[in-house]
Structures are given as C-alpha cells and as structure tokens.
There are 4 protein chains.
Amino acid sequence: MASRGVNKVILVGNLGNDPEIRYMPSGGAVANITIATSESWRDKNTGEQREKTEWHRVALFGKVAEVAGEYLRKGSQVYIEGQLQTRKWQDQNGQERYTTEVVVQGFNGTMQMLGGRQGGGQGMGAPSQGGGQQQGNWGQPQQPAAQQQNNFAPQQQSAPQQQAPAQQPQQQYNEPPMDFDDDIPF
Amino acid sequence: MASRGVNKVILVGNLGNDPEIRYMPSGGAVANITIATSESWRDKNTGEQREKTEWHRVALFGKVAEVAGEYLRKGSQVYIEGQLQTRKWQDQNGQERYTTEVVVQGFNGTMQMLGGRQGGGQGMGAPSQGGGQQQGNWGQPQQPAAQQQNNFAPQQQSAPQQQAPAQQPQQQYNEPPMDFDDDIPF
Amino acid sequence: MASRGVNKVILVGNLGNDPEIRYMPSGGAVANITIATSESWRDKNTGEQREKTEWHRVALFGKVAEVAGEYLRKGSQVYIEGQLQTRKWQDQNGQERYTTEVVVQGFNGTMQMLGGRQGGGQGMGAPSQGGGQQQGNWGQPQQPAAQQQNNFAPQQQSAPQQQAPAQQPQQQYNEPPMDFDDDIPF
Amino acid sequence: MASRGVNKVILVGNLGNDPEIRYMPSGGAVANITIATSESWRDKNTGEQREKTEWHRVALFGKVAEVAGEYLRKGSQVYIEGQLQTRKWQDQNGQERYTTEVVVQGFNGTMQMLGGRQGGGQGMGAPSQGGGQQQGNWGQPQQPAAQQQNNFAPQQQSAPQQQAPAQQPQQQYNEPPMDFDDDIPF
DNA sequence: TTTT
DNA sequence: TTTT
C-alpha cells in the first residue's frame with residue numbers, strides 16, 4: 001500500500017469530441033476523451049499573434065467514466081486531475097509503439113465539469129457543435145455519446161489507485177489498442 | 001500573450017540515468033532526464049506485494065537545464081513541474097510517431113532537487129553530516145554528466161512560455177528528432 | 001458524494017519542529033506539523049541577497065498522521081498534498097479568530113517523505129550509506145515524537161473526503177479549539 | 001534567485017462577491033476576491049445529504065488583477081493558481097492577528113476564467129446576481145467592479161516571484177489591513 | 001533505468 | 001521553528 005513518488009497531471013480544457021464509452025468484461029466503464037489546452041503569444045519576430053494547441057488523451061475509469069459519458073460532449077470544458085501512464089502496444093506491423101495518457105481512476109484522480117449552463121463548444125479547440133438546437137455542453141443526462149459495440153478492454157490498467165488498492169477493481173486485460181479519431185493527431 | 005486552459009504536470013521521483021545535456025544553435029541548454037514514480041499494493045487475489053513503476057520523459061530548457069546537468073545524477077530525487085507536450089516525428093520507415101514529454105521551460109515550470117545534504121535532524125540527535133565521502137546524489141557542481149557531441153536542436157519548441165513570451169528565448173528550430181536512447185522504451 | 005470545485009494545496013518543505021500527535025476519542029490519530037517554504041532573491045535596490053520563509057500549518061488525519069508521527073522529525077523534508085481549511089475559534093477574550101490550515105485526510109491528500117536514505121548516487125561513485133550514526137531525518141520507526149497528554153479532539157473535521165465519504169471514518173466531534181503552541185505565530 | 005521548496009495552491013470555484021480593486025502608490029493593481037469551493041456527501045448516520053463550503057481569500061497583483069477587475073463578477077467561475085501567504089496585522093485592540101491568503105502574482109500564479117458565455121452566478125456559493133439584464137459573469141470589459149476610493153497599499157508583498165524577481169515590481173508598503181466584507185466570514 |  |  002502506498003506509493004513512492006508523485007505522478008499528477010492537472011488539465012483544464014475543452015473536449016475535442018464526444019466521449020467514447022466502453023465497458024470491460026467486469027462491467028466497469030471506461031471513457032476516452034481528448035482535451036485541448038492552448039497558449040497564444042505574439043511572435044517576437046513577425047509581431048503576429050500565434051497560437052498553439054496541445055491535445056491530451058485522457059482515460060477515465062469507473063464511476064467517473066459513467067459521468068463523463070452522460071454529461072460531457074464535444075466542446076465541454078472540464079477540469080481533470082489524473083496520472084501519467086504510458087502504454088506499450090504493437091502496431092499492425094508488429095512494431096512496438098507507446099502511447100501516453102492521463103488516467104483518471106479511483107481516488108487517484110477527479111473530473112469536474114466547468115461552466116455549467118454555458119452554451120456551446122466554441123471555445124479553444126472545439127469546432128462547431130453538430131446538431132441544431134443543442135443548448136449546452138451538458139445538462140440533462142443523455143444517452144451515452146459514443147458507445148462502442150465492442151466490449152473488449154480498452155486499456156490495460158494493472159496499477160492500483162493510490163492509498164486504496166483494495167476498493168478498486170483492477171483491470172487485467174491486454175487487448176489491442178483501440179482505433180482513434182482521425183481528426184485529432186494521435 | 002496568455003493561455004487558455006491549464007496544462008500542468010507535477011512529478012516527484014528519481015532519475016533513472018544521468019541527465020543528457022545538449023545545446024541548441026542559439027546556445028540554450030536542453031536536458032533530458034527520465035524519472036521514475038512507483039506505486040505498490042497488495043494483490044487482492046494472490047495476496048502478494050506488487051509494484052509498478054512508471055517512467056516519465058522530461059525535457060528541461062534553459063537555465064534549469066544547466067542546473068540539472070550540473071547537479072542531477074542517476075538516482076537523484078527531484079520535484080518537477082512542467083507541461084505535457086506531444087511531439088510528432090517520423091521513424092526510420094517514414095511512419096508518424098508520437099512522443100509525449102513533460103516540458104520544463106521558462107516560467108512554465110520548475111525543478112527542485114530534493115533530499116540533498118539536509119540530513120540534520122536535530123530533533124533526533126542526528127549528527128552533522130561532515131565527513132569525507134560524498135554523501136548524496138548531488139553536491140558540488142561538476143562537469144556535465146552526459147554532454148553530447150552533436151549540437152543540433154533536440155526538440156522543436158515553438159510554444160511560448162505562459163505569461164512571459166518576451167523574456168524567454170524562443171527556440172525557433174525545426175530539426176529532425178534527436179536520437180533517443182535505445183535502451184529507454186520511448 | 002462528490003465535490004464541486006477544486007481545493008488543493010501542494011507543499012514541499014521542511015518541518016520546523018517534531019510533529020505533535022494527538023488522538024481523538026474515536027482513536028483516530030491527528031498530527032500537526034509546520035512546514036517551511038522559502039524563496040530567495042537579489043534585491044533590486046540594495047543588490048543584496050534576501051530570503052523570505054513562509055510557514056505552513058498542516059494537519060494530518062488517520063493513517064497518514066500515524067506515519068508522520070513515527071517517521072517525521074524536525075528538519076524532515078516532505079511533500080504534502082491537501083486542502084485549505086479555515087477554522088473559526090474564540091480567543092480568550094471571546095473574540096472570533098480564524099486559522100487556516102492545510103488538511104491531509106483520507107483520499108483527499110497525501111504525504112511523502114523525501115530524501116530519506118536514498119543517498120546512493122551510483123552515477124557519481126557515491127558510496128553506500130552504511131555506517132553507524134543515524135544519517136537522515138527518519139529511518140527506523142520510533143516513539144511518537146511529541147505525544148500529547150490530552151486526548152480531546154483537536155480540530156473539527158466535518159467535511160467528507162472527496163469521492164469516498166463512506167470508507168473514511170469521519171470525525172464527528174466538535175470540541176473546543178485546542179491550545180496552539182505559543183511559539184508558533186498562528 | 002530561485003526558491004527552496006514548493007508552495008502552490010490550486011482552486012476552482014466561484015466568486016462570492018465582485019472583486020475589490022485597489023491601486024498601490026506605484027500604480028500596480030491589486031484585486032481581492034473570495035472563492036467558494038464545496039463538498040457534499042451523504043451523512044453516514046442520518047443518511048441526509050450534507051454540504052460544506054470553504055471560502056478562500058485570494059489576492060491578485062498586477063496585470064492579472066486588472067483582468068480580474070474587468071471580467072470577474074460575483075458568481076464567476078475561476079481557476080486560480082497561487083501561493084499560500086500568511087500576513088500578520090494588528091487589530092483595533094492592538095492584538096496580533098494572522099490572515100492566510102492565496103496570492104497570485106507574477107509568474108508564480110495564474111488565473112483562468114472558466115465557462116465563458118455562461119449565464120449567472122447560481123453556482124455553489126454564489127447568490128443571486130444583482131442587476132437586471134446582466135447576461136453572463138463576464139463578457140465585455142466593464143467598469144471596475146468595486147473600485148475603492150482609497151489608494152493605499154492593501155497588502156504587504158515583500159516576497160519575490162519565483163524565478164523572476166527582477167521583472168516584478170515589489171510592493172514595499174506596510175499599511176493597516178483593509179476592511180473585509182461582512183457577509184463572508186473573514 | 002530509479003528508489004524503498 | 002526548517003532548510004540551503
């Protein structure tokens with residue numbers, strides 16, 4: 001029990017897409033979201049305004065994944081606290097690849113929806129909000145946004161949560177990496 | 001100027017190797033280190049103690065890189081505050097690859113050496129640390145640990161630092177991705 | 001269940017004194033420590049080096065309080081993650097007073113001892129730490145440092161921990177404010 | 001230059017009142033705001049839902065203070081990153097008192113407005129939004145919200161900012177503590 | 001590859 | 001009151 005070291009990530013940004021929800025054989029939910037953070041500055045040489053957006057891959061597990069699936073949408077602004085985790089996987093050519101994600105799981109992380117009642121995903125990294133009369137980025141619980149058909153395990157999660165390994169169902173699956181959205185560069 | 005969103009990483013861990021120092025054409029220093037954080041827990045099924053170590057790739061720029069090169073060594077314990085950044089590069093087969101790093105640069109991050117030489121502990125009657133052999137993982141400034149021969153730009157760093165683009169020398173180089181150590185899996 | 005908003009404090013510093021340990025009627029441990037963080041800078045006008053130390057009052061509850069009592073001592077370096085909490089109390093003149101503390105409790109916080117016994121530094125040829133006298137600010141578990149005689153509840157703690165109210169024994173006591181050390185200015 | 005230790009506070013919450021803006025003799029702006037964070041949980045004994053709100057006093061300096069004065073209003077949701085600082089002052093009876101604040105200053109902190117375009121301060125700790133047709137908690141820059149007549153220095157700020165003492169105008173004034181709002185308990 |  |  002316990003952990004040695006600190007591994008903490010804090011993000012505030014907007015979702016680039018609706019969450020993708022999957023369920024593990026154990027029944028536990030997993031939500032994958034991508035979050036944009038950006039910085040803007042005036043270029044010292046050209047004098048023009050510039051902006052750079054960083055995209056973060058976030059994986060939420062358990063209860064917080066269910067909440068994400070119900071309430072978060074493309075453009076939603078969120079606060080994320082989680083841990084860095086790098087997964088190894090094999091691409092179609094059998095080559096080893098690595099993907100780094102922010103994992104929100106158990107007591108090791110948290111997710112907070114921000115800006116309740118705000119209208120739209122015009123922010124930062126969020127393009128137009130497909131769909132006509134949609135008012136906000138959350139509100140009433142809805143049908144899961146991007147529920148997947150396949151129920152295989154999305155990510156191997158063999159680490160415990162900090163301070164409370166016992167209460168947290170461990171994921172023990174080692175499935176191939178899922179398909180990612182093509183419009184976000186990873 | 002300014003930034004929209006929050007992108008922050010906080011790590012406390014130990015270096016897996018001596019820092020690798022490089023210099024950009026501009027003369028700015030870059031230090032690459034890998035930091036281990038770990039968690040241990042008792043397996044619910046087998047009852048045995050388990051441990052998982054996460055390795056983090058950290059890139060420090062400028063003054064903080066020089067300090068890292070002088071004082072940090074394999075095994076050194078550090079506090080790191082930086083930002084997540086994912087770089088795209090091409091592997092030898094021309095395939096796109098992505099690497100995520102924690103970037104410490106300008107006012108957007110900080111590095112603190114931990115546990116060095118503080119051994120005092122007067123509350124317990126611990127003796128002063130005077131004595132011959134080197135005590136900790138740092139002490140006197142030294143020769144750079146792992147200075148590289150090649151001086152080309154190691155990472156593209158086109159983003160500004162938060163709130164202070166002007167004071168921070170921007171790296172404007174777009175060099176090919178540097179060779180990474182082959183013995184570190186990312 | 002759940003929380004709205006984020007309330008997080010991160011400290012790395014050294015203890016100004018041995019921890020003070022108390023026990024609540026429920027048997028739960030409470031540790032009070034003070035942590036120093038400091039900044040130094042060169043005065044723009046006089047050109048001289050200046051330093052300012054900030055002292056933080058930290059209250060730890062439960063298991064983490066027991067660990068603090070066993071292993072931490074005056075001078076120990078620690079990483080603290082907790083929440084800000086302001087308590088109201090009456091001074092001897094019946095005047096309302098407020099004290100702000102960093103509370104570490106349940107899954108809402110963590111404490112990490114830093115720099116202990118890690119002295120390895122194989123990268124520099126540093127020798128092993130074997131040797132007689134106590135080396136650092138912690139080592140073997142010991143007798144509680146500053147155990148108090150009075151066992152009444154030290155602080156009212158009516159807030160739940162984030163995300164896990166059920167697993168964490170709540171302190172339900174509303175005792176008069178404890179006597180604070182007179183030699184610490186808050 | 002530099003700092004020893006880490007002193008960091010991260011808050012996400014809503015303003016309890018409009019910001020109070022003051023200007024120092026040097027012309028630098030200071031904004032004082034109070035931020036609510038809250039937690040709710042189900043009482044284990046009574047089974048009823050309970051909630052506890054924590055109020056945080058935040059002082060912003062310089063440019064970020066001006067932005068706060070222009071855009072933040074009672075009910076606004078913000079992300080705050082700053083440092084803990086405890087000030088000593090004398091009450092009307094000549095007694096020493098201490099007030100702990102979160103200080104956002106220079107490169108040592110940041111403020112992010114959240115939920116752009118959202119309508120109203122109904123959140124958490126924010127009562128009704130006085131004033132008829134007001135749409136959001138920010139939008140167009142406006143007249144400073146609660147500009148003070150007196151221009152004396154609000155808080156002594158003798159500490160430097162981390163890593164950049166030179167660029168930051170130091171406040172050198174030691175004025176009496178300002179009056180606080182009576183409707184927020186400190 | 002670190003550390004305990 | 002700590003630490004460097």
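Everything quoted here is computed from the prediction, not taken from an experiment. Proteins come first, then strands; the chains are lettered A, B, ... in the order of their sequence lines, and each starts at number 1. In what follows, every heavy atom counts, from backbone to side chain, and hydrogens, waters and symmetry copies are set aside.
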Rounded to whole angstroms, how far apart are [atom1] on [X] and [atom2] on [N]?
X: B:Leu15; N: E:dT4; atom1: CG; atom2: C1'; answer: 17 Å
X: D:Arg4; N: F:dT3; atom1: CZ; atom2: P; answer: 9 Å
X: C:Arg42; N: F:dT4; atom1: CZ; atom2: P; answer: 20 Å
X: C:Gln112; N: E:dT2; atom1: CD; atom2: P; answer: 19 Å
X: C:Leu72; N: F:dT2; atom1: CG; atom2: C1'; answer: 13 Å
X: B:Tyr79; N: F:dT3; atom1: OH; atom2: C1'; answer: 17 Å
X: C:Lys52; N: F:dT4; atom1: NZ; atom2: P; answer: 21 Å
X: B:Met113; N: F:dT4; atom1: CE; atom2: P; answer: 11 Å

**Prompt:** Among F:dT1, E:dT3, E:dT1, which nucleotide sits nearest the side chain of C:Asn17?
**Reply:** F:dT1

**Request:** Would you mind telling me which of E:dT2, F:dT4, F:dT1 lies closest to the side-chain atoms of B:Ala36?
**Result:** E:dT2

**Prompt:** Can you find a donor-acceptor pair, distance only, under 3.5 Å between B:Asn14 side chain and E:dT3 base?
**Reply:** no

**Asked** salt bridge (charged side-chain N to carboxylate O under 4.0 Å, His left out) with B:Glu54: which residues, sequence neighbours excluded?
**Response** B:Lys52

**Prompt:** Of all residues at least two apart in sequence or in a different chain, which pass the side chain to side chain donor-acceptor pair (under 3.5 Å) check with B:Thr53?
**Reply:** none

**Asked** What heavy-atom pair brings A:Asn108 and B:Glu39 nearest, and what distance separates the two atoms?
**Response** ND2-OE1, 3.5 Å

**Prompt:** Just by distance, with hydrogens left out, do C:Trp55 and D:Thr86 show a side-chain donor and acceptor under 3.5 Å apart?
**Reply:** no

**Prompt:** NA contact type, B:Thr53, heavy-atom cut-off 4.0 Å: base, sugar-phosphate, or nothing?
**Reply:** base

**Message:** With the stacking rule set at 5.5 Å and 30°, tell me whether C:Trp55 counts as stacking on F:dT1.
**Reply:** yes

